Participant: 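Take a look at the following structure, please.
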Amino acid sequence: MNRVYTAMEEVGLVAKLADLKEEHYRNTLALSTIIELLIEKNILTREEVEKKAADLDSFMENSPYPTV
């Protein structure tokens, strides 16, 4: 599928990408803030967060669900 985009379409695609990048940054910041607050309040430990992240990452790498 080789489609030629007009200059305005390319500008629109770049703008959408910039919006996604900003949204990704804000989501990451929010999650990091929540994790840090939970650790500061001794609700979770950093080790628990790291272990759960490793477990979930491993699960996703070896997911029993079919991939598209």
Side-chain angles (χ1 to χ4, degrees):
M1 178 176 189
N2 293 333
R3 181 169 186 260
V4 177
Y5 293 99
T6 66
M8 286 308 294
E9 287 174 324
E10 287 186 20
V11 168
L13 288 173
V14 170
K16 286 179 184 179
L17 183 58
D19 290 345
L20 286 173
K21 187 176 179 180
E22 178 68 20
E23 187 175 340
H24 174 70
Y25 167 75
R26 293 199 178 279
N27 287 337
T28 302
L29 180 61
L31 285 171
S32 296
T33 301
I34 292 167
I35 290 168
E36 289 301 318
L37 286 169
L38 290 170
I39 291 169
E40 285 177 16
K41 293 176 182 280
N42 293 317
I43 296 170
L44 296 172
T45 65
R46 190 165 306 278
E47 291 75 22
E48 289 173 319
V49 172
E50 290 171 355
K51 180 173 182 339
K52 182 54 77 173
D55 291 347
L56 291 173
D57 188 47
S58 175
F59 176 78
M60 292 306 294
E61 286 179 3
N62 305 310
S63 176
Y65 304 113
T67 57
V68 179

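As the structure is a prediction and not an experimental result, all values here were calculated from the model.
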Participant: For a quick test of reading the model, state the closest non-hydrogen atom pair linking Glu48 to Ile43 and the distance between them.
Facilitator: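 So the minimum-distance heavy-atom pair works out to OE1-O, 4.4 Å.
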Participant: Taking the side chain as every heavy atom from C-beta outward, state whether Lys52 and Val49 have any pair of such atoms under 4.5 Å apart.
Facilitator: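 In short, these two side chains do not touch, never coming nearer than 4.5 Å.
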Participant: Test of understanding: clusters of I, L, V, M, F, W, Y form through side-chain heavy atoms closer than 4.5 Å, transitively. Do Leu44 and Ile34 belong to the same one?
Facilitator: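 The answer is yes; both residues are in one hydrophobic cluster.
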Participant: Are the side chain of Thr33 and the backbone of Leu29 linked by a donor-acceptor contact shorter than 3.5 Å?
Facilitator: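 Yes.
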Participant: Check Glu22 with Arg26, please: is the shortest side-chain N to carboxylate O separation under 4.0 Å?
Facilitator: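 Counted as a salt bridge, because a side-chain N and a carboxylate O are separated by less than 4.0 Å.
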Participant: Which distance, rounded to the nearest 0.5 Å, do you find between the CG of Leu13 and the CE of Met8?
Facilitator: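 One gets 11.0 Å once the value is rounded to the nearest 0.5 Å.
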